Amino acid sequence: MHIALTLDYELFFGRQTGTPDACLFKPCDALIRILDAFSAPAVFFVDASYLVRLREFAEKFPHLEQEYLSVVSHIRELEAHGHQIQLHIHPHWFDSWHDGHQWHTVIDRYRLSQWSDQDIVTIVARCTRELNQHLKQKVFAFRAGGWCIQPFAPLAQPLIDNGIGIDSSVYHGGGASSQAHDFDFRSAPSAACWNFDRDPCQAVDRGPFTEVAISSLRVSPLFYWRFALNRLLARGQRHRPLGDGYAVANSRADLLHLLTHYSHMAVSVDGFKASLLRHGFNNARRKQLECFIAMGHPKSLTPYSLEQLHRWVHELYDKGLYLSGYRRPAPLPANTTQARSKVVHE
C-alpha cells in the first residue's frame, strides 16, 4: 500500500485570516518534528493564490514584503527538507484585499467554477507560475480549494497546459452545499485511484488525468455530536487549534445533516477528526486499497491531533510501512491520452 500524509498549506478564510506564523510556520514545525524522527516526508498543497495576492499587495504596503519572503523561504525549506510541494488554489483571494492592516476576505467567488473560463485559465497559470518559481521540482498535482473541483471540464485544459496530471480533491461519498462549498462525490468510485477525463467522479480507462482520492470514512451522527461536545467543553490547550484565524462556517443544512444522518468524511489529522486516523487506515488495509491518503491543514492541528499523528506514524514504521509523496506521471504523447500508471512513490 502507498501511504501519503497531505496538508493544505493555507490561512483561514473567515472573519480573520490568521497569521502565517501561527497558521503555517509553527504548526508545520511541530508536524515536522514528529516526521523527522522517522525521516518521513509529507506533501504540502500550497495555496498559491494567497502568494500571488500577497506579492501584489507587498508592492503597495512594503511591510507585507517580509511576510511574502518569509512564506516563500518556508516553502523552500520544506522542499529542501524532503517534503513535496504541490498546487492548491483558493480563487477567492483574487476578490479579497488588504488595507495595510489586515485582509478583507470576500468569498462570493470561492469556487473556481464561479469564475469565467478565461479567468480560470489566467488563475491556474498565474498560481502555477508563482509557485514553480520558488521550487526545484515543479508541481504536477492539484487539490481544489474546499474540495470544490466540480465542474471539472473548464479546469481540464488549463491544468494540462501547466503540467498538472494528478488531482487529489475527491473523497468517496463526500458532499457539501453552502455559500462557499459545493461538491458532490457520492458517485465517485470507492477505489483509491483511477483515470478520468472531464469528470473526476467518472473513471475512464485511458483518461489523461489520475484521481488520487483522499481516503474517506463513513461516520455516524454520534461522531459529530462528540465532535461538537469536545469543542464546546474542551479546556486548556490540548484541543485548541494552533492557527489564530476563523474558518468559513458550514451551512446550517450541512450541519443538521451531519448531526442526524450517516455521512462520509475525509480521513484527516485535523483536531478531533484525528481520533479516526488509525481506524481509517486500518479500514483501507482491510479493503486492500492501493493507496491511503490522509489530509489535514497546519492551521487546524492541535496538540491532541499531533499526538494521534505521532502514534499512527510510529505504528506504520514499526510495521515496515512508510510515508511517500506523489509520483510524476509520464508525459502524454501529443494529441493522445493514455492510462496513468502508479502515482505514489514506491
Side-chain angles (χ1 to χ4, degrees), residues 7-20 22-24 44-61 64 67-68 71 75 86-131 139 142-155 158-159 162 164 167-170 174-184 241 243-252 254 266 270 295-300:
L7 290 304
D8 294 357
Y9 184 98
E10 62 188 35
L11 298 184
F12 286 95
F13 310 128
R15 66 180 187 273
Q16 183 176 315
T17 61
T19 61
C23 295
L24 302 174
F44 292 89
F45 283 92
V46 171
D47 183 4
S49 38
Y50 160 62
L51 276 181
V52 172
R53 293 295 276 170
L54 183 57
R55 177 171 49 81
E56 289 177 347
F57 278 96
E59 297 176 1
K60 185 175 182 180
F61 304 111
L64 292 181
E67 181 175 328
Y68 173 79
V71 175
I75 293 167
Q86 300 293 358
L87 180 66
H88 192 45
I89 296 177
H90 277 281
H92 75 278
W93 279 109
F94 293 98
D95 283 336
S96 302
W97 53 284
H98 202 287
D99 65 4
H101 300 284
Q102 64 180 9
W103 287 103
H104 295 263
T105 305
V106 180
I107 61 168
D108 293 345
R109 294 191 292 177
Y110 183 84
R111 308 181 295 275
L112 277 166
S113 62
Q114 295 172 296
W115 297 73
S116 72
D117 288 358
Q118 185 53 53
D119 284 337
I120 293 173
V121 170
T122 302
I123 288 170
V124 173
R126 291 181 70 190
C127 290
T128 308
R129 184 168 57 248
E130 172 66 40
L131 190 52
V139 299
F142 172 72
R143 177 170 293 161
W147 302 283
C148 298
I149 192 67
Q150 298 159 314
F152 181 79
L155 257 175
L159 290 178
N162 287 277
I164 306 295
D167 177 67
S168 196
S169 306
V170 173
S177 180
S178 67
Q179 177 188 3
H181 302 92
D182 189 9
F183 60 92
D184 185 350
D244 58 351
Y246 294 91
V248 175
N250 291 328
S251 70
R252 290 186 178 181
D254 282 342
D270 291 343
M295 71 162 295
H297 305 78
K299 65 187 182 183
S300 300

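Computed from heavy atoms alone, side chains included, the values below leave out hydrogens, waters and symmetry copies. For reference, positions follow the sequence shown, starting with 1. This structure is a prediction, so every number in the text was calculated from the model and none was measured.
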Review point. Are any non-hydrogen side-chain atoms of His297 and Leu7 less than 4.5 angstrom apart?
Key: no

Review point. Would you say Gln114 and Asp108 make side-chain contact, with heavy atoms under 4.5 Å?
Key: no

Check your understanding: Which value, rounded to the nearest 0.5 Å, describes the distance between Trp147 atom CH2 and His181 atom NE2?
Key -> 6.0 Å

Exercise for review: Indicate yes or no: does Asp8 engage Arg143 in a salt bridge with an N to O separation below 4.0 Å.
Suggested key: yes

Review point. How far does OG of Ser113 sit from CD1 of Ile149, to the nearest 0.5 angstrom?
Key: 10.0 Å

**Study point:** Pairwise distance CD1(Ile89) to CD(Glu130) - rounded to 0.5 angstrom
**Key:** 11.5 Å

Point to revise | Where Tyr68 and Leu54 come nearest, the two heavy atoms and their spacing | key: CA-CD2, 3.4 Å

Exercise for review: Could you give me the CA-CA distance, side-chain angles and deciding distance for Trp115 and Asp95, then say whether side chain to side chain contact (heavy atoms under 4.5 Å, CB included) is met?
Suggested key: CA-CA 11 Å; Trp115 297 73; Asp95 283 336; 3.6 Å; yes

**Study point:** Nearest heavy atoms of Val106 and Ser96, plus distance in Å
**Key:** N-OG, 3.0 Å

Practice item. Could you tell me whether the side chain of Gln150 and the main chain of Asp184 form a donor-acceptor pair under 3.5 Å? Key: yes

Exercise for review: Please determine if Lys299 forms a cation-pi arrangement with Phe13, meaning its NZ or CZ atom is less than 6.0 Å from the six-membered ring centre and no more than 45° off the ring axis.
Suggested key: yes

Exercise for review: Determine, step by step, whether Thr19 and Asp244 satisfy the side-chain hydrogen bond (donor to acceptor under 3.5 Å, both in side chains) criterion, reporting the C-alpha distance in whole Å, the side-chain angles of both residues, the deciding distance to 0.1 Å, and the verdict.
Suggested key: CA-CA 7 Å; Thr19 61; Asp244 58 351; 2.9 Å; yes

Check your understanding: For the side chain of Thr17 and the backbone of Leu11, is there at least one donor-acceptor N/O pair under 3.5 Å apart?
Key -> no

Point to revise | For the student: nearest non-hydrogen atoms of Ser49 and Phe94, plus distance | key: CB-CE1, 3.7 Å

Practice item. Kindly indicate whether the side chain of Val124, heavy atoms from C-beta on, has any atom under 4.5 Å from the side chain of Leu155. Key: yes

Review point. What distance do Phe183 atom CZ and Ser178 atom OG have between them, rounded to the nearest 0.5 Å?
Key: 8.5 Å

Practice item. Say whether, by atom type as modelled, one donor and one acceptor occur between the side chain of Thr122 and the main chain of Gln118 under 3.5 angstrom. Key: yes

Exercise for review: For the pair Arg111 (side chain) and Ala180 (backbone), establish whether a donor and an acceptor sit closer than 3.5 Å, ignoring hydrogens and angles.
Suggested key: yes

Review point. Hey, are the side chains of Leu24 and Phe44 touching, using non-hydrogen atoms and a 4.5 Å cut-off?
Key: no

Revision key, fill the gap. Tightest non-hydrogen contact, residues Leu112 and Ile120, listed as O-CD1, 3.4 Å

Point to revise | Flag side-chain contact, heavy atom, 4.5 Å: Pro91 against Tyr110 | key: no

Practice item. Identify, with sequence neighbours excluded, every residue that meets ring-ring contact (aromatic ring centres under 6.0 Å, His included) alongside Tyr50. Key: Trp93

Point to revise | Atom pair SG (Cys127) and CG (Leu51), whose distance is rounded to the nearest 0.5 Å | key: 8.5 Å

Exercise for review: For residues Arg53 and Trp103, determine if any side-chain heavy atom of one lies less than 4.5 Å from a side-chain heavy atom of the other.
Suggested key: yes

Review point. Does any non-hydrogen side-chain atom of Asp99 lie less than 4.5 Å from one of Phe61?
Key: no

Check your understanding: Do you know which two heavy atoms are closest between Gly145 and His88, and how far apart they sit?
Key -> CA-CE1, 3.6 Å

Check your understanding: So do Phe142 and Gln86 actually touch side chain to side chain, heavy atoms under 4.5 Å?
Key -> no

Exercise for review: To the nearest 0.5 angstrom, please state how far the OH atom of Tyr9 sits from the CG atom of Asp47.
Suggested key: 10.5 Å

**Study point:** Minimum heavy-atom distance between Gln102 and His104, given as atom pair plus value
**Key:** O-CD2, 3.6 Å

